[in-house]
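Sequence lines set the chain letters: A, B, ... in the order given, protein chains first and strands last, and positions in each chain run from 1. Please read all numbers here as calculations on a predicted model, not as lab measurements.
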Amino acid sequence: MSSRYNHKIVEKKWQKIWSGKKVFNVKKNKDKKKYYVLEMFPYPSGKIHMGHVRNYTLGDVVARYKKMRGFNVLHPMGWDAFGLPAENAALTEKKHPGNWTYQNIKIMKSQLLQMGLSLDWDRELATCHPEYYKHEQKFFIDMFKAGLAYKKEAEVNWDPVDKTVLANEQVIDGKGWRSGAVVETKKLSQWFLKISKYSDELLKDLDSLNQWPNKVKLMQSNWIGKSIGANIEFKIFKNDKKITVFTTRPDTIFGATFLAISCDHELVDMLLTKNETLKKFIEECKNLNSDKVKRGYETGLVAEHPFIEGKKIPIFIANFVLKEYGLGAIFGCPAHDQRDLDFANEYKLDVIPVVKPKDSTDNNFTIQRKAYTEDGVIINSEFLNGLNIEDAKKVIIKKLEEKGFGTKKVNYKLRDWGISRQRFWGCPIPIIYREDGEILAEEEVNLPVKLPEIEEFNESSTALANINGWKDTVCSKTGLKAVRETDTFDTFFESSWYYFRYCNTKLDTPLDEDDINYWLPVDQYIGGIEHAILHLLYSRFFTKALRDLGYFKLNEPFKGLFTQGMVTHQTYKNSNGEWIEPKSVLSTDGKFKDKDGLEVFSGKIEKMSKSKKNVVDPNDIISLYGADTARWFMLSDSPPDRDLQWTETGIVSSYKFINKLWDLVEKYENYSVKKISDTQTIEILKENINFVTEYIETFQFNKAVAKIYEYVNTLSLSIQQKGLSKDELMWCLKKLCIILQPFVPHISEEIWFNISGEGLCINQKWTIEVVEKKKKIKIAVQINGKTKDVLEIAQGLTKEQVIEIINKSDKIKRGLENKKIIREIYVEGKIFNFVV
RNA sequence: GGGAGUAUGGCGGAACUGGUAGACGCGCCGGAUUCAAAAUCCGGUCACUUCGGUGGUGUGGGUUCGAUUCCCUCUACUCCUACCA
């Protein structure tokens with residue numbers, strides 16, 4: 001045995017043994033309890049970053065721990081392989097995006113292998129592979145036939161120079177990121193999935209997800225945005241048309257002083273003819289999307305108030321009325337809605353307060369610049385007067401329904417999921433447009449609808465529509481000519497079901513219900529908070545949709561969710577405001593200088609990003625210090641859900657710890673003590689083990705790390721004092737290997753091998769230790785709540801016996817001198833407090 | 001504008017349902033070893049102190065025998081969302 005620990009050799013060795021023995025390859029086994037650990041799969045961007053290292057280390061701790069607790073652990077990995085960066089790379093390289101993607105997968109896989117993750121690589125998948133995406137084409141067809149997928153006109157960001165549709169993230173300050181051209185909104189026919197059908201279920205079932213962070217549930221709930229109110233119908237004076245509005249405040253109907261409709265409300269078309277000023281106004285509104293100024297156009301039409309005989313309300317077209325929400329029409333009650341009030345002040349409209357604060361005695365309660373939106377008492381509202389808001393809502397809705405002017409109505413912010421992308425590197429939407437005008441799903445036997453193999457990838461290749469001949473096809477039923485849909489799926493489509501596919505990636509059908517029944521739901525899903533809404537909501541929707549399509553009976557895909565914090569690092573800038581790499585910064589006399597001696601200023605600690613030059617490449621770290629060191633650092637100090645600050649000293653100290661562990665083996669080999677026993681130390685170590693167990697179970701890995709440090713410190717001290725017998729020491733070291741295994745698996749195996757040689761450490765059982773009840777306990781003795789002394793006393797004494805011991809304490813005697821004891825408070829095993 | 005969260009030594013962070021504040025790690029200081037350094041090991045490390053103590057968990061208050069923990073006030077920072085009627 002060489003005295004210096006060589007991580008390069010050792011880590012490779014165990015990685016080879018694990019994969020050779022297929023230690024992490026699992027099979028469905030109904031006699032064994034399963035546990036499904038999943039980390040959000042990576043986009044193959046080229047190489048792994050620290051965020052991946054953190055994410056996969058956290059997951060690996062859980063996976064290894066659960067395996068050692070006897071679970072049949074499914075822990076798979078794959079690639080979220082469609083997406084725009086591949087197209088951009090393809091443009092530069094003039095090669096097919098697949099080349100770049102598969103090449104990156106190869107590199108990143110080798111990096112992940114170096115981390116020593118307990119993954120079942122036999123289940124690896126890449127979403128860009130036809131054997132993967134053909135199944136989601138099938139899902140789409142099922143959804144299409146079930147009415148869950150449909151086509152409608154929708155606005156997209158259109159880059160007039162690149163002649164392409166841009167994602168929202170690709171529009172920067174209203175301009176295309178690539179061309180710099182001003183982006184136009186263009187109406188295109190787009191495919192949508194009817195996620196809105198599940199609004200209520202998606203909201204309700206959040207309650208059942210008790211192993212999800214509240215934060216994520218709240219974000220989803222806000223996104224779904226359920227609101228309860230009423231639709232109210234207004235007759236237009238001297239016109240046979242009507243306007244229906246949605247409101248959550250029907251109780252303020254008597255305060256309505258105007259109606260406002262959105263720019264593309266159906267009434268606008270009628271008004272538009274021969275009206276140039278209106279046309280101009282509408283055009284302006286389109287360009288004022290992000291404008292907070294309230295603008296309106298008075299239509300000249302007036303509506304009749306449903307409850308006030310003869311009252312006329314002007315109708316405006318207003319820029320602040322959203323077309324996609326509710327009915328694209330509102331009634332304005334300026335007194336109790338800030339937006340309405342701003343608008344009313346601008347256009348000199350009446351402001352009639354109909355709610356006043358409960359305790360207000362002001363009979364002339366008026367509203368100036370600030371709308372009153374709190375609870376209160378209804379005024380100026382005939383039959384509603386005197387009611388509170390809640391009751392008034394009930395009464396007015398009942399009245400509306402009686403009179404036929406409106407109904408109770410529930411609205412959601414959640415809109416249907418637009419899945420069309422006018423791109424190349426995505427899954428083709430399996431629809432054909434036949435020459436007779438029929439829109440049909442591709443026949444299932446014809447799946448997959450594959451992406452074209454093209455030799456040279458250029459600007460015009462970035463959309464399937466531009467690829468010569470690809471879209472031409474024939475309807476296999478009728479022989480009629482047809483063209484394919486040239487849009488591809490949003491890449492969230494792929495990630496919405498990959499966790500099902502892992503159950504069996506070789507299966508010819510999308511999935512097997514029996515597999516799903518066994519493996520799903522995912523017991524622990526781990527990933528970044530940035531996916532709190534979209535990915536997680538889409539996946540939940542997919543699960544419910546597939547359930548309704550008869551694939552299985554599962555309601556929710558992810559039983560437990562954990563969102564980890566970011567990896568951050570110090571940033572530096574020079575006097576020109578340019579970012580400087582931290583590793584090139586030198587610190588002298590409290591000042592920072594770069595390589596050339598120019599002064600550098602330390603900036604904020606921020607998320608690692610290329611643009612700020614504060615990234616640390618995991619590859620460098622792993623080759624220099626080893627995977628165990630990197631993993632240990634990722635788990636030390638910071639709680640997993642908080643941001644982790646990368647520091648050079650931190651990684652070095654982790655490295656030192658790994659080497660210190662190795663020194664223990666040497667100490668063991670040279671250890672020669674017989675027939676002595678240190679049961680006290682062993683009891684402490686057992687306690688430590690149980691703490692580690694508890695802290696893994698509760699995702700407090702930083703605390704587990706602290707307890708392992710304590711374990712090693714206690715053990716080192718005992719070795720030094722030669723208190724343990726050699727057998728006891730072996731037991732302690734074996735236990736140490738076991739608790740280290742989820743965290744730093746390579747050195748854990750290596751130590752295990754050196755001291756025992758029997759089997760693999762990862763195959764050992766992780767047990768809960770039985771700790772003897774302590775005979776002596778410590779209690780704090782306080783005077784007026786301030787601790788004056790700490791005494792060690794025997795377990796289970798009476799109050800009188802305790803007082804007797806306390807009376808012997810000098811410190812307490814001194815503290816009680818010349819004082820009168822009013823009260824004595826004794827909490828067994830904790831404190832004794834004198835109140836004087 | 002709306003919502004959520006956070007605040008503890010020089011730093012990252014501990015403290016069970018209110019019961020010894022600062023576990024553990026980093027850094028720093030002192031010592032051992034060394035020709036010297038690195039590495040390693042040992043000891044110390046909240047502040048003030050007349051060495052008896054006193055003060056101390058962002059601010060100010062409250063409840064309590066006792067508050068980092070519960071309640072109210074204010075401040076700072078972070079994140080999400082955004083004209084959702």
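- One finds no side-chain N or O of A:K413 lying less than 4.0 angstrom from the OP1 or OP2 phosphate oxygen of B:rA85.
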Write down the protein N/O and nucleotide N/O pairs, taken from nucleotides 13-15 of chain B, whose separation is under 3.5 Å; answer none if there are no such pairs.
from	atom 1	to	atom 2	distance (Å)
B:rA15	OP1	A:K703	NZ	2.1

Under 3.5 Å, N/O pairs linking protein and nucleotides 50-52 of chain B:
from	atom 1	to	atom 2	distance (Å)
B:rG52	O3'	A:R814	NH1	3.2

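- Applying the 4.0 Å criterion to OP1 and OP2 of B:rA85, one finds that A:Y325 has a side-chain N or O inside that range.
- When each of A:K226 and A:S716 is assigned the nucleotide of RNA chain B with its nearest heavy atom, A:S716 is the one assigned upstream, toward the 5' end.
- The listed nucleotides are B:rG66, B:rG27, B:rU78; the one nearest the side chain of A:K604 is B:rU78.
- Atom CG in A:N784 sits about 11 Å away from atom P in B:rU54, given to the nearest Å.
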What N/O pairs connect the protein and nucleotides 69-73 of chain B at under 3.5 Å? Give each pair on its own line.
none

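- The base of B:rC83 is paired with the side chain of A:K294 by a donor and an acceptor separated by under 3.5 Å.
- A heavy-atom distance below 4.5 Å is found between the side chains of A:M40 and A:H531.
- Contact annotation: the side chain of A:F316 approaches that of A:L349 to within less than 4.5 Å [non-hydrogen atoms, C-beta and beyond].
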Check the pair A:E666 / A:N670 against side chain to side chain donor-acceptor pair (under 3.5 Å), numbers first and verdict last.
CA-CA 6 Å; A:E666 211 158 355; A:N670 302 328; 5.2 Å; no
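- Under the rule for a salt bridge (charged side-chain N to carboxylate O under 4.0 Å, His left out), the partners of A:K612 that lie at least two apart in sequence or sit in another chain are A:E606.
- Listed by chain and number, the residues in a salt bridge (charged side-chain N to carboxylate O under 4.0 Å, His left out) with A:D641 amount to none (sequence neighbours excluded).
- Screening A:Y625, A:F701, A:Y709 for a ring-ring contact (aromatic ring centres under 6.0 Å, His included) involving A:W632 leaves a single residue, A:Y709.
- In this entry the distance linking CZ of A:R369 with P of B:rG1 reads 17 Å, nearest Å.
- Distance from the side chain of A:W223 is smallest to B:rA82 among B:rC41, B:rA85, B:rA82.
- Atom CZ in A:F343 sits about 17 Å away from atom P in B:rC83, given to the nearest Å.
- Residues passing the salt bridge (charged side-chain N to carboxylate O under 4.0 Å, His left out) test with A:R54: none are found, sequence neighbours excluded.
- Taking the syn range as angles within 90° of 0, the glycosidic angle of B:rG9 is syn.
- Heavy atoms of other residues, nucleotides or ligands lying less than 6.0 angstrom from NZ of A:K217 number more than 12.
- Contact annotation: A:T647 does not reach the phosphate of B:rC26 (side-chain N/O to OP1 or OP2, under 4.0 Å).
- Contact check, A:R249 against B:rA85: no side-chain N or O comes under 4.0 Å of OP1 or OP2.
- Looking at A:D416, its side chain does come within 3.5 Å of a backbone N or O of A:I195 through a donor-acceptor pair.
- Listed pair A:N713 / B:rG25 meets the phosphate criterion, a side-chain N or O lying under 4.0 Å from OP1 or OP2.
- Taking the six-membered ring for Trp and thresholds of 30 and 60 degrees, A:H7 and A:Y655 have ring planes more than 60 degrees apart, a perpendicular arrangement.
- Whole-Å rounding puts the A:N231 CG to B:rA85 C1' distance at 12 Å.
- Annotated as anti: B:rG55, whose glycosidic dihedral deviates from 0 by more than 90°.
- A:K656 has its NZ atom 11 Å from the P atom of B:rA38, to the nearest Å.
- In this structure, A:N222 atom CG and B:rA82 atom P are separated by 11 Å, rounded to whole Å.
- The pair A:K735-A:E769 meets the salt-bridge criterion, with a side-chain N (NZ, NE, NH1 or NH2) lying under 4.0 Å from an Asp/Glu carboxylate O.
- Nearest to the side chain of A:K786, among B:rA85, B:rG55, B:rU78, sits B:rG55.
- Between the side chains of A:S262 and A:Y325, not a single donor N or O lies within less than 3.5 Å of an accepting N or O.
- Rounded to whole Å, atom P of B:rA85 lies 15 Å from atom NZ of A:K408.
- Residues A:W417 and A:F492 form a side-chain contact, since some pair of their non-hydrogen atoms from C-beta on lies under 4.5 Å apart.
- Between A:Y709 and A:V827, the one whose closest nucleotide on RNA chain B sits nearer the 5' end is A:V827.
- For A:K215, whose side chain is taken as the heavy atoms from C-beta onward, the closest listed nucleotide among B:rC65, B:rC79, B:rG27 is B:rC79.
- Nucleotide B:rA21 holds its P atom 11 Å from the CD1 atom of A:I831, rounded to whole Å.
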